[in-house]
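Per chain, numbering begins at 1; letters A, B, ... match sequence-line order.
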Amino acid sequence: MSKYKSAFLRVLDERGFINQISEPEALDELANNSCITAYIGFDCTAASLHVGSLLPIMMLHWMQQTGHRPIALMGGGTTRVGDPSGKDESRRILTEDDINSNLRGIRAIFSKFLTFDGGTAGKDAIMANNADWLNSLNYIDFLRDVGKHFSVNRMLSMDSVKMRIDRQQELSFLEFNYMILQAYDFVELNKRTGCVLQMGGSDQWGNIVSGIDLGRRMNGAQLFALTSPLITTSSGAKMGKTAAGAVWLDATMVSPYEYWQFWRNTEDGDVERFLKYFTVMPLAEIARLAALKGQEINEAKKILATEATALVHGREAAQQAEETARKTFEEGALAEQLPTAEFPRDNLEVGYGVLAAAVKAGFAFSTGEARRHIQGGGLKVNDTTVTDEKMKLTLSDLTPEGVIKLSLGRKRHVLMKPV
RNA sequence: GGGAGAGUGUCCCGAGCGGCAAAGGGGGCGGACUGUAAAUCCGCUGGCUUAGCCUUCGUAGGUUCGAGUCCUACCUCUCCCA
């Protein structure tokens, strides 16, 4: 049983989203008696968000579900500065155009988790951009009104800064100002929308608390902080990175099938946590799935994969991905929905080198890499391991469906389609 | 402004008495074992038309049969003093 009275905190607590809250009782009371407004900041250094951003997005989602108003704050202004928290090196500074086009991509993702214009006055989610107020700041005014509230002594003692200094890594003045700007965001949002709560990952605690201080000093406002635990996989790896790079939430960057596979390959020890974080399934059902042991836990992983994929790409795409996987992995059959790669039909007449085909399929960046895969016994044509790197694909390799199935390892399959 | 030091395989860290396609990690990929898991073990981790050839160690020159390694200039970064 949760110790919280408000539905909002109770749900977050039960699902494991809470790491730390600044004044839990007061916030609980407020959330129980009124509709509160809270925000989370997202940077826009990339064209899409990846799995790592899913946790905060889900917090906003639950917030809206429990009757409150979420704000997704795009860091259009702060992205131009770069957050030193947890990073060893300075971030690349993006151009205005980059940032704006990234913003557009990210906007689309949020609409899948939040309702922006559902007609429920006062509870629609808001998309804000801190460039709106940061870009037009006047330096002198800012120093006088905001800067005077910050103690450099204290800033130097903050973890994000101290780490850089201890390691003798440079921290530019630009980055040093990041926390001031973030604190200012909080105060500005409070003024504009009545936002009283900032959420974020546990690494953001210091920045968020700075905002609370600033709000009190400037406006006497009572603000709150709520942080979520940083998630890693059971084996300690960072969330959301795979061989091919980040697991993006945009279907054109990572297909629903690949996205489904990402979740299907979750480690045993992460299944329960991930079900709570990344699906909206009832806790009782999750508890049942999490109790599965040994081989049976694979059933839970499939459900996790389908539910998580459905949230981002829609139920239909999720079920299609599940079906494709079932055919491919459980029946060993040829599933038409597997990723495909096209090549000229003429190639088969003269013999299409496997090396070239493997590169075409995206299994290797060079024929040399493809060659190594074959030497390592990792490449298969129509489920038969390739032993001769000089092998040519011909018309007789076409399956009855008119394609050639190329596989790398046991998990990656591509249908080669002659055109 | 003065002084000291650093930039290595386009994922990261990091060795490198003038013979180097360049040690060692991490990460990643493949194989074995499995449950599309984890752990473990093995292999691979510049390019190509692969007995060979081509291109790599901040940039541009120089010395040398031969330069990541020595010299010169330049660029970038860090630290210390002012």
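Side-chain proximity of A:R412 to the nucleotides B:C29, B:U49, B:U36 is greatest for B:C29. The A:R372 side chain lies nearest to B:G47 when the options are B:G47, B:C29, B:U36. Nearest nucleotide to the A:L408 side chain, out of B:G30, B:G35, B:U49: B:G30. The nucleotide whose nearest atom lies closest to any side-chain atom of A:E267 is, among B:U36, B:G30, B:A38, B:A38. Distances were taken from every side-chain heavy atom of A:N265 (C-beta onward) to each of B:G35, B:A37, B:C48; the shortest belongs to B:A37. In this structure, the nucleotide among B:C29, B:A37, B:U50 sitting nearest to the side chain of A:D268 is B:A37. Candidate nucleotides B:G31, B:A37, B:C29 were compared by shortest atom distance to the side chain of A:K380, and B:G31 ranks first.
For A:T367 and B:G47, the shortest distance from a side-chain N or O to OP1 or OP2 is not below 4.0 Å. At the phosphate of B:G31, neither OP1 nor OP2 sits under 4.0 Å from any side-chain N or O atom of A:K411. A:S366 has a side-chain polar atom (N or O) that falls below the 4.0 Å cut-off from OP1 or OP2 of B:G47.
Nucleotide B:U10 is matched to nothing when pairs are restricted to Watson-Crick or G-U wobble geometry with both distances under 3.5 angstrom. In this structure B:A4 sits in a base pair with B:U78, meeting the Watson-Crick or G-U test at under 3.5 Å. In a base pair of the Watson-Crick type (N1 to N3 plus N6-O4 or O6-N4) or a G-U wobble (N1-O2 and O6-N3), with each distance short of 3.5 Å, B:C41 is matched with B:G31. The pairing partner recorded for B:U50 is none, the criterion being a Watson-Crick or G-U wobble arrangement whose two distances lie under 3.5 angstrom. With a 3.5 Å ceiling on both atom-pair distances, the Watson-Crick or G-U wobble partner of B:A73 is B:U59.
Within 3.5 Å, a donor on the side chain of A:Q261 pairs with an acceptor on the base of B:U36, or the reverse.
Computed from coordinates, the A:W263 CH2 to B:U36 P distance equals 20 Å when rounded to whole Å. With rounding to whole Å, A:L406 atom CG is found 14 Å from B:G30 atom P. Spacing between atom CZ of A:R371 and atom C1' of B:G46 amounts to 14 Å, rounded to whole angstrom units. Counting to the nearest Å, the P atom of B:A37 and the NZ atom of A:K302 are 13 Å from each other. If you measure from atom CD1 of A:I303 to atom P of B:A37, you get 19 Å, rounded to the nearest angstrom. The distance from atom CG of A:D270 to atom P of B:U36 is 18 Å, rounded to the nearest whole Å.
B:C42 sits 12 Å from B:C33 when the C1' atoms are compared, rounded to a whole Å. Remark: the separation of the C1' atoms in B:A67 and B:A22 is 13 Å, to the nearest Å. Across the C1' atoms, B:G25 and B:U45 are found 13 Å apart, a figure rounded to whole Å. Across the C1' atoms, B:C79 and B:U69 are found 25 Å apart, a figure rounded to whole Å. B:A15 and B:G24 have their P atoms separated by 15 Å, given to the nearest Å. Across the C1' atoms, B:U55 and B:A38 are found 41 Å apart, a figure rounded to whole Å. Comparing B:U8 with B:U63, their P atoms are spaced 27 Å from each other, to the whole Å. Comparing B:G18 with B:G66, their C1' atoms sit 8 Å apart, to the nearest whole Å.
Every residue two or more places apart in sequence or in another chain was checked for a side-chain hydrogen bond (donor to acceptor under 3.5 Å, both in side chains) with A:T66, and none qualifies.
Side-chain atoms of A:Q204 and A:Q182 form a donor-acceptor pair, as typed in the model, at a separation below 3.5 Å. A side-chain N or O of A:T306 and one of A:W260 form a donor-acceptor pair less than 3.5 Å apart.
One finds a salt bridge joining A:R216 and A:D213 here, because a Lys/Arg side-chain nitrogen approaches an Asp/Glu carboxylate oxygen to under 4.0 Å. Salt-bridge formation is not detected for the pair A:E342/A:K417: no Lys NZ or Arg NE/NH1/NH2 atom is positioned less than 4.0 Å from an Asp or Glu carboxylate oxygen. Between A:R273 and A:D270 there is a salt bridge, with a side-chain nitrogen of the basic residue lying less than 4.0 Å from a carboxylate oxygen of the acidic one. Electrostatic pairing of A:K3 and A:D28 does not count as a salt bridge here, judged by no charged N lying under 4.0 Å from a carboxylate O. Classification of A:R326 and A:E322 as a salt-bridged pair fails, no side-chain N sitting under 4.0 Å from a carboxylate O. The existence of a salt bridge linking A:E369 and A:R372 is excluded, since no basic side-chain nitrogen approaches an acidic carboxylate oxygen closer than 4.0 Å.
Map A:E330 and A:K390 each onto its nearest nucleotide of RNA chain B; the residue landing nearer the 5' end is A:E330. Residue-to-nucleotide proximity on RNA chain B shows that, of A:G378 and A:E369, the 5′-proximal contact is made by A:G378.
Using a 30° and 60° split on the angle between ring planes, A:F278 and A:F274 fall in the perpendicular class, above 60°.
Using a 4.0 Å heavy-atom criterion, one finds that A:L379 contacts no nucleic acid atom at all.
Within residues 284-295 of chain A, the residues that place at least one heavy atom under 4.0 Å from RNA chain B are, in residue-number order, A:G294, A:Q295.
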